[in-house]
Student: 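Following this message is one structure expressed as structure tokens.
Order of listing sets the numbers, starting from 1, for every ligand and every atom in it. Note that the coordinates shown come from a computational prediction; the quantities given were computed from them, not determined experimentally.
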Amino acid sequence: MRRHLWTLLISAGFIAQAGAASTVATINQHKHMGVATCASSVCHGASQQFKESNVWQNEFARWQEYDPHATKAFQALQSAEGQAISRKLGLGDATQAKVCLDCHADNPPEGMRGERFQLTDGVGCEACHGGSEQWLTSHASKDVPHADNVSNGLYPTSDPVKRAELCLSCHMGTPDRMITHRIMGAGHPRLSFELDTFTWLPEVTHYEIDEDYIRRKGEFNGARDWGVGQGIAAANLLDTLIDPRHGWDGIFPELVLFDCLACHKTMDSGRWGPRPGTGLGPGVVRLNDANLVMFRHVLAAVDPGAASRIGERTRALHRATTQSRDATAAAARQLSADIRGLLPKVAAANWDGGMLMPILDSLVRDAERGEFRDYAAAEQAAMAANSVLAAFEAAGAVDATKAETLRGRIDALYDRVKDENGYNMAAFVSALRELRRAAG
Ligand code: HEC
Ligand code: HEC
Ligand code: HEC
Ligand code: HEC
């Protein structure tokens, strides 16, 4: 009954669809003309960077040669591994399966593909920049403001909230592009993402934040992007949990939303320990709250009051999962709304060097009370430390010698999360303490 009501309300537009749902809609709003239309040597297909241009103009060449979105995403579906996954799921050829193509290619509906469009191009320009039918000509003109192109379907990739929604639509999954426990069970690798870390992996970048970029589009700030990415990831999980299409799989909840290691560990007894942030006792399957935990650390620097509110609401959500499906949905809806409400404040905060210590202190406090028992949260904490430090370094808020010491400590922290199966909380906690000590 309740499920039916949600479906009606959502289709009638009474319940605002999650931001990520509108991401896919925005990307697919206009025809995708195909990578080939971007690739002329006077457009983005130059072999060298243009000196006098605002953008490099060799984006296509870089993408084609180095970017895994071009070199690996579609190929993964052709590989023996990809084919085995889809065969086990009864989906036939992975290169024809919508669920796989939605993340491993640019996959607009049939009618939204121009003549030069090719699915085999993989995650092409328009998978991120949006279908170009209405802006292809105008975006090359200096007389047309960026905002006009955006209203014609150019996706606002420079906006951190929008960019987080875009990347996470494939790197985490959303109600529109869903990775399920069944897909994982068939052998799909676990997805792990952190916005700032992934944005700056050299193989995917085809832009630089220089003077003209800042003038045209504003600053990039890695710590801010880390914070925004955590909020969107947390809200995504909650939105999927309450989405009538996905929250449930037969008699069980959709297990991909839960902490993998709550189930996938050996049966030797005596390894359980409390995590105050959940308030749950032993023997309970926990939601994967890694991003919720991290968002609380983001807020520790931006709005400590909100941080403790989110902490309480997270505990309430965990408690609700032991009560009923309705209680869970209500708690998740509340928390998702809270987070989305706080995101503008996070995006607009002044992410200067003063943010470093409150974040590290908040991480260490959690570590000391046993919050990093779960591998997923520890992994996010390591990426958090990395992004936050890199951002402060770039802003000149930490001097070079100190930055180098801190970098060593962060490498040690990464070492502790290298192997999911060999994860040891005590070792992780001491590495985090070392980092905090070195920071001052
Ligand atoms: C929600 C988006 C999403 C969906 C749905 C999805 N994938 Fe993936 N897949 C990814 C991402 C992202 C990676 C890369 C993981 C990483 O390395 O961070 C990946 C990795 C893979 C890999 C490993 C590739 C490599 O280079 O090692 C294979 C194989 C694969 N996917 C096959 C499939 C198949 C087959 C399907 C359909 C049943 C599918 N995927 C559905 C997002 C998705
Ligand atoms: C995985 C997503 C993704 C793909 C695929 C992608 N881009 Fe980008 N692109 C971005 C992001 C993120 C930025 C940086 C944010 C911004 O300036 O909008 C960017 C920036 C750019 C810029 C610089 C904009 C500026 O104002 O300085 C150009 C030009 C560009 N991309 C062209 C391309 C072309 C051409 C392709 C295909 C060959 C492509 N992109 C593929 C995500 C992507
Ligand atoms: C349409 C889906 C899609 C979108 C949107 C997308 N990606 Fe990806 N991305 C993939 C897939 C699939 C792979 C895995 C390719 C492989 O290894 O098989 C990938 C791989 C990557 C990798 C390499 C990961 C590794 O482990 O080496 C990085 C980095 C990355 N993406 C960053 C981004 C960023 C940043 C954004 C947003 C600006 C983004 N992606 C948006 C689908 C997507
Ligand atoms: C509620 C418990 C539970 C949670 C949480 C859970 N799983 Fe599973 N998982 C199972 C069960 C049960 C199976 C089926 C085992 C079988 O087929 O014998 C399974 C099977 C798998 C398999 C196939 C293993 C094999 O036999 O080769 C993989 C891979 C997997 N899960 C990954 C994950 C990942 C990744 C997550 C987190 C995103 C996760 N699981 C969360 C219970 C869980």
Side-chain angles (χ1 to χ4, degrees), residues 20 23-24 27-28 66-108 122-130 155 157-160 162-207 225 229 232 236-237 240 249 252-265 284-288 290 321 374-376 420:
T23 297
V24 178
I27 292 285
N28 290 341
Y66 305 112
D67 191 331
H69 296 113
T71 61
K72 286 163 102 185
F74 186 81
Q75 293 79 346
L77 302 184
Q78 298 170 311
S79 70
E81 191 191 350
Q83 291 288 326
I85 294 172
S86 64
R87 202 170 48 245
K88 287 180 194 162
L89 292 163
L91 289 170
D93 180 358
T95 65
Q96 312 279 322
K98 181 179 185 309
V99 61
C100 310
L101 289 167
D102 279 350
C103 294
H104 284 268
D106 182 17
N107 191 30
V123 180
C125 320
E126 291 163 293
C128 291
H129 292 292
Y155 191 84
T157 37
S158 57
D159 174 325
K162 294 293 178 190
R163 182 153 35 86
E165 285 175 344
L166 171 70
C167 308
L168 286 166
S169 72
C170 294
H171 282 276
M172 173 180 184
T174 63
D176 277 358
R177 290 176 172 158
M178 183 64 187
I179 193 111
T180 59
H181 183 253
R182 289 184 192 220
I183 297 178
M184 295 290 180
H188 196 282
R190 194 176 67 90
L191 299 183
S192 156
F193 188 80
E194 190 280 298
L195 182 62
D196 180 53
T197 309
F198 274 61
T199 299
W200 294 107
L201 287 181
E203 62 268 34
V204 301
T205 53
H206 45 270
Y207 41 83
D225 291 351
I232 296 288
N236 252 352
L237 183 130
T240 309
D249 181 26
F252 292 106
E254 174 45 70
L255 298 183
V256 83
L257 305 174
F258 288 77
D259 176 16
C260 315
L261 299 178
C263 296
H264 292 282
K265 59 183 178 200
V284 179
V285 184
R286 310 172 287 278
L287 279 172
N288 176 358
T321 63
D374 297 343
Y375 173 81
E420 184 176 350

Student: Closer than 2.8 Å to atom 8 (Fe) of ligand 1, do we get an N, O or S atom from H104, backbone or side chain?
Tutor: yes
Student: Starting from atom 1 (C) of ligand 4, locate the nearest protein heavy atom and write down its residue, its atom name and how far away it is, to 0.1 Å.
Tutor: C263 SG, 2.7 Å
Student: Listing residue and atom name, which protein N/O/S atoms are closer to atom 8 (Fe) of ligand 3 than 2.8 Å?
Tutor: H69 NE2, H171 NE2
Student: State if P189 counts as touching ligand 1 under the rule of any non-hydrogen atom under 4.0 Å.
Tutor: yes
Student: Test your reading of the structure: does R190 have an N or O sitting under 3.5 Å from an N or O of ligand 4?
Tutor: no
Student: Which of the numbered atoms in ligand 3 are under 4.0 angstrom from any heavy atom belonging to L166?
Tutor: 5 (C)
Student: Can you name the atoms of ligand 1, numbered from 1 with element, that are less than 4.0 Å from a heavy atom of L191?
Tutor: 10 (C), 11 (C), 12 (C), 13 (C), 15 (C)
Student: Report the nearest protein non-hydrogen atom to atom 16 (C) of ligand 3: residue, atom name, distance rounded to 0.1 Å.
Tutor: K72 CB, 3.5 Å
Student: Tell me: protein heavy atom nearest atom 36 (C) of ligand 1, and distance?
Tutor: C100 SG, 2.8 Å
Student: Atom 5 (C) of ligand 1: which protein heavy atom is closest, and how many Å away?
Tutor: V99 O, 3.2 Å
Student: Do the non-hydrogen side-chain atoms of V123 and F74 ever get within less than 4.5 Å of each other?
Tutor: no
Student: Using 2.8 Å as a strict upper limit, say whether an N, O or S atom of H188 approaches atom 8 (Fe) of ligand 1 that closely.
Tutor: yes
Student: Would a 4.5 Å heavy-atom cut-off, applied to side chains only, mark D259 and Y375 as touching?
Tutor: no
Student: Please examine the side chains of L191 and H171, heavy atoms only from C-beta on, and report whether any two atoms are closer than 4.5 Å.
Tutor: no
Student: Can you tell which of E254, K88, H264 gets a heavy atom nearest to atom 8 (Fe) of ligand 4?
Tutor: H264
Student: Got the closest protein heavy atom to atom 27 (O) of ligand 1, with its distance?
Tutor: E81 OE1, 4.2 Å
Student: Going by the atom numbers of ligand 4, which of them fall below 4.0 Å from some non-hydrogen atom of F258?
Tutor: 5 (C), 37 (C)
Student: What atoms in ligand 1 come closer than 4.0 Å to a heavy atom of L89?
Tutor: 38 (C)
Student: So does Y66 have more than 12 non-hydrogen atoms from other groups sitting under 6.0 Å from OH?
Tutor: no
Student: Can you confirm whether some protein heavy atom lies under 4.0 Å from atom 40 (N) of ligand 1, or whether none does?
Tutor: yes
Student: Which ligand 1 atoms does C103 reach within 4.0 Å, using its non-hydrogen atoms?
Tutor: 1 (C), 2 (C), 3 (C), 4 (C), 5 (C), 42 (C), 43 (C)
Student: Closest by any non-hydrogen atom to atom 24 (C) of ligand 1: pick that one out of G173, S79, A80, A76.
Tutor: A76
Student: Do D249 and V256 have side chains that approach each other closer than 4.5 Å (heavy atoms only, starting at C-beta)?
Tutor: no
Student: In the complex you have, is atom 30 (C) of ligand 1 within reach of the protein, judged by whether a heavy-atom distance drops under 4.0 Å?
Tutor: yes
Student: State the atoms of ligand 1, each with its element, that fall below the 4.0 Å cut-off from a heavy-atom position in R177.
Tutor: 1 (C)
Student: Suppose I only count heavy atoms of D259 and a 4.0 Å limit; which atoms of ligand 4 are within that range?
Tutor: 5 (C)
Student: Check whether any heavy atom of D102 sits under 4.0 Å from an atom of ligand 1.
Tutor: no
Student: More than 12 heavy atoms of other residues, nucleotides or ligands under 6.0 Å from CZ of R190: yes or no?
Tutor: yes
